[in-house]
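Chain letters run A, B, ... following the sequence lines, proteins first and then strands; every chain starts at 1.
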2 protein chains.
Amino acid sequence: MSGQSASLNETIRSEIAGRILSGEWPPGHRIPIELELMAAYGCSRMTVNKVLAALAAEGLIERRRRAGSFVGRQRSQSAVLDIPDVRAEVKALGLPWRMDILARSVRRSTAADRARLGEGAGPRVLALACRHFAGAPVHAIEDRLIDLEAVPEAETAEFDAVPPGAWLLSHVPWSQAEHRIAAVPADDALAGLLGVQPGAACLQVDRRTWRSGRPVTAVRMTHPGDGYSLVARFAPGA
Amino acid sequence: MSGQSASLNETIRSEIAGRILSGEWPPGHRIPIELELMAAYGCSRMTVNKVLAALAAEGLIERRRRAGSFVGRQRSQSAVLDIPDVRAEVKALGLPWRMDILARSVRRSTAADRARLGEGAGPRVLALACRHFAGAPVHAIEDRLIDLEAVPEAETAEFDAVPPGAWLLSHVPWSQAEHRIAAVPADDALAGLLGVQPGAACLQVDRRTWRSGRPVTAVRMTHPGDGYSLVARFAPGA
DNA sequence: CCGTTCAATATGTCTATACAATAATGCCGG
DNA sequence: CCGGCATTATTGTATAGACATATTGAACGG
């Protein structure tokens, strides 16, 4: 009883979703057919249809013609992982963000570059190495490759005030990405840059990004293991 | 051109989504109003409304009364992280899965236990420690706490054939969860169990699970850093 | 110049109806 | 008992119309 009358739509939706999420209707349970819901709520079929279609789009239920609608099977555990912009992330900690550019070069892409970017990589790349600080300590080392065929503007862009990741986000409209997260020991070079002991545990996030099937960028962010963690949240319903 | 005529619904949907994902309509761009789309496709308003409502539910567009519909702003980078069942994960590698139970005890929950489970933890818990093998090498150490008030059946459950995570998934209908991923060095005890050198980098995934606001379980999975990584995928549209 | 009021506009929700597509069910003949 | 065919229940898609609701932009008045 929230007092605020929601739309009929929402009322039906939350009642059904509630029963599923509470476990009252377990996976595989058959949901009343549209005609029954229609009668139960005294509304038209379109209304319940819209609700059920939305629940199906979310994956909460499955619908089969002639058979009925059923509570969805438990999906494999998955979570939404926030991979925020480095600058925003550091500022969210209340620390000043600062960035060094360690190296920057434009070159013909080597075989290794093309392997890193994946199928369809262009002939020229921009290679960038940056160091991000959160206050005094190093927050991450960024090792990035940008395909200049996919993002020609990158060649002349200044990356001194904006992290390359954020710059790309606002210049490449939409993307598909793959992330790989691993724990690795710091080698000597990395240890020096990060300010940790050689062999210290580091969290390494590799991300490859595509736009309409063509590689855009490949980046490896390496964080010192102490004092850094990724957080993911999972909520099946909404 | 698939040749197969999709529903009008799908046609409109994919045309709009295509323009957004290709970048033709950048974030913030105003989408034709329903009346215009209606005229463009020669269909009724309900049809375009359904399409736009679905796109809005997905987050691809934003709608404001009187103002119109707009291509959504770039969302903060986020990805769907698959956190599969350990057994399935090992078997997907083509390796035989095996599990040791290192310790199992039922106890009154200590302050530390309640802190680990979070607000609302019950008075009794089941503590479990397991070791998962992928072939001969150790794949992970599982250190789990189950709230017996939330899952009383767990007290008598045998966990010899099924990993506790999978057992819970099929006994606790739905969940909300929080994950924290970090790189940590192995301490001596952990190094012995995992079969790695003390100080070696390990990937540590902490997960806390709730059901309707009450804690269910808290688990820490620690993987040897070499030869293990989490993979996440990201696709804004579908 | 600023705040208030108001109407126009675009979305939000709902109805009643219609026909299409699909697949489970049952019937019938062999 | 079983294969094939017709039946029919259920969802899928679409239409035309109606009224509700929020919010912008403009007109108006102090």
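For CZ of B/Arg131, the number of neighbouring non-hydrogen atoms (other residues, nucleotides, ligands) closer than 6.0 Å is greater than 12. More than 12 heavy atoms of other residues, nucleotides or ligands shown are found within 6.0 angstrom of CZ on B/Arg63.
Between B/Tyr228 and B/His139, the ring planes are perpendicular. Angles over 60° get that label, and only those under 30° would be called parallel.
In this model, the phosphate group of C/dA10 is not approached by any side-chain N or O of B/Arg64 to a distance below 4.0 Å at OP1 or OP2. Under 4.0 angstrom from either OP1 or OP2 of D/dT11 there lies at least one side-chain N or O belonging to A/Ser69.
Listed by residue number, the members of residues 35-44 of chain B with any heavy atom below 4.0 angstrom from DNA chain C form an empty set.
Between the side chain of A/Thr217 and the backbone N or O of A/Leu145, at least one donor-acceptor pair lies under 3.5 Å.
Distance check, rounded to the nearest 0.5 Å: CZ of B/Phe70 to CZ of B/Arg64 gives 5.0 Å.
Among the protein residues, B/Arg45 comes within range of the nucleic acid bases, having at least one heavy atom under 4.0 Å from a base atom. Within the nucleic acid shown, A/Leu8 comes within 4.0 Å of sugar-phosphate atoms alone, with no base atom in reach, counting heavy atoms only.
Taking atom CG of B/Asn9 as the reference point, atom P of D/dT13 lies 6 Å away to the nearest angstrom. The nearest whole Å value for the distance from the CZ atom in B/Phe70 to the C1' atom in C/dA10 is 10 Å. One interatomic measurement links the two molecules: CD of A/Glu62 to P of D/dT11, which rounds to 14 Å at whole-angstrom precision. Atom CD1 in A/Ile31 sits roughly 14 Å away from atom P in D/dT10 (whole-Å rounding). Distance B/Leu52 CG to C/dT13 P: 13 Å, rounded to the nearest Å. Atoms CZ (B/Arg30) and C1' (C/dT9) sit 9 Å apart, rounded to a whole Å. Rounded to an integer number of Å, the gap from B/Lys50 NZ to D/dT15 C1' is 13 Å. Atoms CG (B/Asn49) and C1' (D/dA16) sit 14 Å apart, rounded to a whole Å.
Out of D/dT24, C/dC14, D/dA14, the shortest distance to the side chain of B/Ala67 is found at D/dT24.
Take the nearest nucleotide of DNA chain C for B/Ile33 and for A/Arg65: the residue whose nucleotide is more 5' is B/Ile33. If A/Met46 and B/Glu34 are placed on DNA chain C by their nearest nucleotide, the residue sitting closer to the 5' end is B/Glu34.
Evaluation of atom-type donor-acceptor distances gives a pair under 3.5 Å for the side chain of B/Arg66 against the base of C/dA8.
When all heavy atoms of A/Leu95 and A/Gly135 are compared, the closest pair comes out as CB-N, 4.0 Å.
Tested against A/Asp143, the residues A/Arg104, A/Arg220, A/Arg116 include a single salt bridge (Lys or Arg N to Asp or Glu O under 4.0 Å) partner, A/Arg116.
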